[in-house]
Engineer: 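Here it is: the structure, laid out below.
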Amino acid sequence: MLPVAIRIHDLSLGGCLIQCFHEEPVGRRVQIAVELRYDGWVTLDAEILYARPDYGYAVKWLDVPAETHAKLERVINHLLTKSPTDV
């Protein structure tokens with residue numbers, strides 16, 4: 001496993017869009033370490049659903065442990081309810 005820098009967009013309980021210029025094939029399973037702003041690091045298993053040429057790819061999470069799911073849910077809910085002036 002080689003670390004590759006990525007940028008995550010549209011984080012959800014089901015997956016996310018990853019901006020990465022390292023191409024990956026659709027259907028490949030990957031492991032992604034994500035730093036959650038309020039809850040530290042989590043590692044998620046994912047499968048690549050589709051690729052956006054010259055941009056990245058979308059993934060869905062696989063077999064998310066209950067504790068990790070709870071962390072994702074907390075962070076997403078916080079981000080959805082904060083005002084633009086919150087830090």
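Numbers for residues simply follow the sequence, beginning at 1. For the numbers below, each heavy atom of this structure counts, side chains included, while hydrogens, waters and symmetry mates do not.
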Engineer: Run the salt bridge (charged side-chain N to carboxylate O under 4.0 Å, His left out) test against Asp45 and tell me which residues pass, sequence neighbours left out.
Structural biologist: none
Engineer: When clusters are formed from ILVMFWY side-chain contacts under 4.5 Å, directly or step by step, what else is grouped with Trp41?
Structural biologist: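 Listed partners: none, Trp41 stands alone.
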Engineer: In this structure, would Val30 and Leu11 fall into the same cluster of hydrophobic residues linked by side-chain contacts under 4.5 Å?
Structural biologist: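 Same cluster.
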Engineer: Pairs in or reaching into residues 7-26: which pass salt bridge (Lys or Arg N to Asp or Glu O under 4.0 Å), with residues at least two apart or in two chains?
Structural biologist: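 Only Glu24-Arg28 qualify under salt bridge (Lys or Arg N to Asp or Glu O under 4.0 Å).
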Engineer: Which pairs would a plain distance check flag for residues 46-68, meaning a side-chain donor or acceptor within less than 3.5 Å of a matching protein atom at least two apart in sequence or in another chain?
Structural biologist:
residue	atom	partner	partner atom	Å
Tyr55	OH	His9	NE2	3.2
Trp61	NE1	Ser12	O	3.0

Engineer: Quick one: pull up CZ in Arg74 and NE2 in His78 and give me the separation to the nearest 0.5 Å.
Structural biologist: 12.0 Å
Engineer: Of all heavy-atom pairs between Ile32 and Val34, which one has the smallest distance, and what is that distance?
Structural biologist: CG2-CG2, 3.7 Å
Engineer: Hydrophobic clusters here meaning ILVMFWY residues chained together by side-chain heavy-atom distances under 4.5 Å, can you tell me if Leu79 and Leu17 are in one?
Structural biologist: no
Engineer: Please give me the minimum heavy-atom distance between Cys20 and Ala5, naming the atom from each residue.
Structural biologist: SG-O, 3.9 Å
Engineer: Hey, what do you get for CG (Leu13) to CD (Glu73), rounding to the nearest 0.5 Å?
Structural biologist: 5.5 Å
